[in-house]
Amino acid sequence: QVQLVESGGGLVQAGGSLRLSCAASGSSFSIDAMGWYRQAPGKRRELVADIPSSGNTNYLDSVKGRFTISRDNAKNTVYLQMNSLKPEDTAVYYCGADLRIGGLVYRYWGQGTQVTVSS
């Protein structure tokens, strides 16, 4: 088992910035990929950005150039720097983490943090 604790969400005006953090704890196993997902009311959950242990990154097209994902492996923490925020970015943002144990991949989720962008 692993616990993911998120922080950094809140209310911001369009054009503003937020930084989300997610710290993983409670596991003796190494974390493989980590990522951020979001879900707006009436919408499906979508991948915003992810970053495997290799350091490569992947972004949702609509956030490219505005969001940056990074991780600190020593702290088992992933960050999402969100700049030039738009009202369309309003959603609950979830941290996800993959652990590889015994040849299987286990996926864990944070509790979610609300991001609201006003116009």
Side-chain angles (χ1 to χ4, degrees):
Q1 286 291 120
V2 63
Q3 294 79 47
L4 303 177
V5 180
E6 304 173 19
S7 62
L11 174 64
V12 65
Q13 290 186 328
S17 298
L18 287 172
R19 187 188 67 168
L20 306 183
S21 299
C22 173
S25 63
S27 176
S28 62
F29 300 96
S30 297
I31 296 176
D32 190 6
M34 301 186 76
W36 289 96
Y37 305 75
R38 69 186 183 187
Q39 187 168 21
K43 300 286 188 178
R44 62 176 176 84
R45 187 174 298 188
E46 63 184 353
L47 174 67
V48 178
D50 66 358
I51 179 169
S53 58
S54 66
N56 293 328
T57 58
N58 180 54
Y59 294 94
L60 181 67
D61 284 345
S62 62
V63 309
K64 288 180 179 177
R66 300 188 296 120
F67 292 9
T68 302
I69 189 171
S70 61
R71 65 188 291 173
D72 184 337
N73 290 327
K75 297 180 179 180
N76 283 328
T77 300
V78 64
Y79 307 92
L80 186 68
Q81 179 66 46
M82 309 165 67
N83 298 327
S84 301
L85 283 161
K86 305 175 180 179
E88 302 94 294
D89 296 318
T90 296
V92 178
Y93 283 69
Y94 297 90
C95 175
D98 291 346
L99 274 69
R100 199 172 299 276
I101 306 171
L104 299 177
V105 177
Y106 298 82
R107 296 185 177 179
Y108 295 87
W109 296 96
Q111 76 283 0
T113 184
Q114 178 70 46
V115 171
T116 302
V117 184
S118 64
S119 59

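- Within the 3.5 Å criterion, the main-chain N or O of Tyr93 finds no donor-acceptor partner in the side chain of Thr113.
- Minimum heavy-atom separation, Asn83 to Gln81: OD1-NE2, 3.0 Å.
- Linking ILVMFWY residues whenever their side-chain heavy atoms come closer than 4.5 Å, directly or via other members, leaves Tyr94 and Tyr106 in distinct clusters.
- The hydrophobic cluster containing Leu99 also contains Val78, counting ILVMFWY residues as joined when their side-chain heavy atoms lie under 4.5 angstrom apart, directly or transitively.
- The CZ atom of Arg38 lies 13.0 Å from the CZ atom of Arg45; values are rounded to the nearest 0.5 Å.
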Check against side-chain contact (heavy atoms from CB on, under 4.5 Å), Arg66 and Met82: CA-CA 6 Å; Arg66 300 188 296 120; Met82 309 165 67; over 6 Å; no

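- Expressed to the nearest 0.5 Å, how far CG of Asn56 lies from CG of Asp50 amounts to 10.0 Å.
- Smallest separation of non-hydrogen atoms from Ser84 and Ser17: N-OG, 4.3 Å.
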Asp72 and Tyr79: CA distance, side-chain angles, deciding distance, side-chain contact (heavy atoms from CB on, under 4.5 Å) verdict: CA-CA 8 Å; Asp72 184 337; Tyr79 307 92; 4.2 Å; yes

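- Residues Leu47 and Trp36 approach most closely at CD1-O, 3.6 Å, considering heavy atoms.
- Taking the side chain to side chain contact (heavy atoms under 4.5 Å, CB included) definition, one finds that Thr57 meets it with Ile51, Tyr59, Ile69, sequence neighbours left out.
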Verdict with reasoning, Leu85 to Leu18, per side-chain contact (heavy atoms from CB on, under 4.5 Å): CA-CA 8 Å; Leu85 283 161; Leu18 287 172; 4.1 Å; yes

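- In terms of heavy atoms, Arg71 sits closest to Ile31 at NH2-O, 3.5 Å.
- Among residues at least two apart or in separate chains, disulfide bond (SG atoms under 2.5 Å apart) pairs with a member in residues 39-119 are Cys22-Cys95.
- The two residues Leu20 and Val115 have their closest heavy-atom pair at CD2-CG2, 4.2 Å.
- Neither Met34 nor Val5 shares a network with the other; the hydrophobic side chains, linked directly or stepwise wherever heavy atoms of I, L, V, M, F, W or Y lie under 4.5 Å apart, form separate groups for each.
- Under the 4.5 Å side-chain heavy-atom criterion for grouping Ile, Leu, Val, Met, Phe, Trp and Tyr, Leu104 is connected to Tyr108 within one hydrophobic cluster.
- Of all the heavy atoms in Thr90 and Ala40, the pair that sits closest is O-CB, 3.6 Å.
- Here Asp89 does not pair with Lys86 in a salt bridge; the nearest charged N to carboxylate O distance is not below 4.0 Å.
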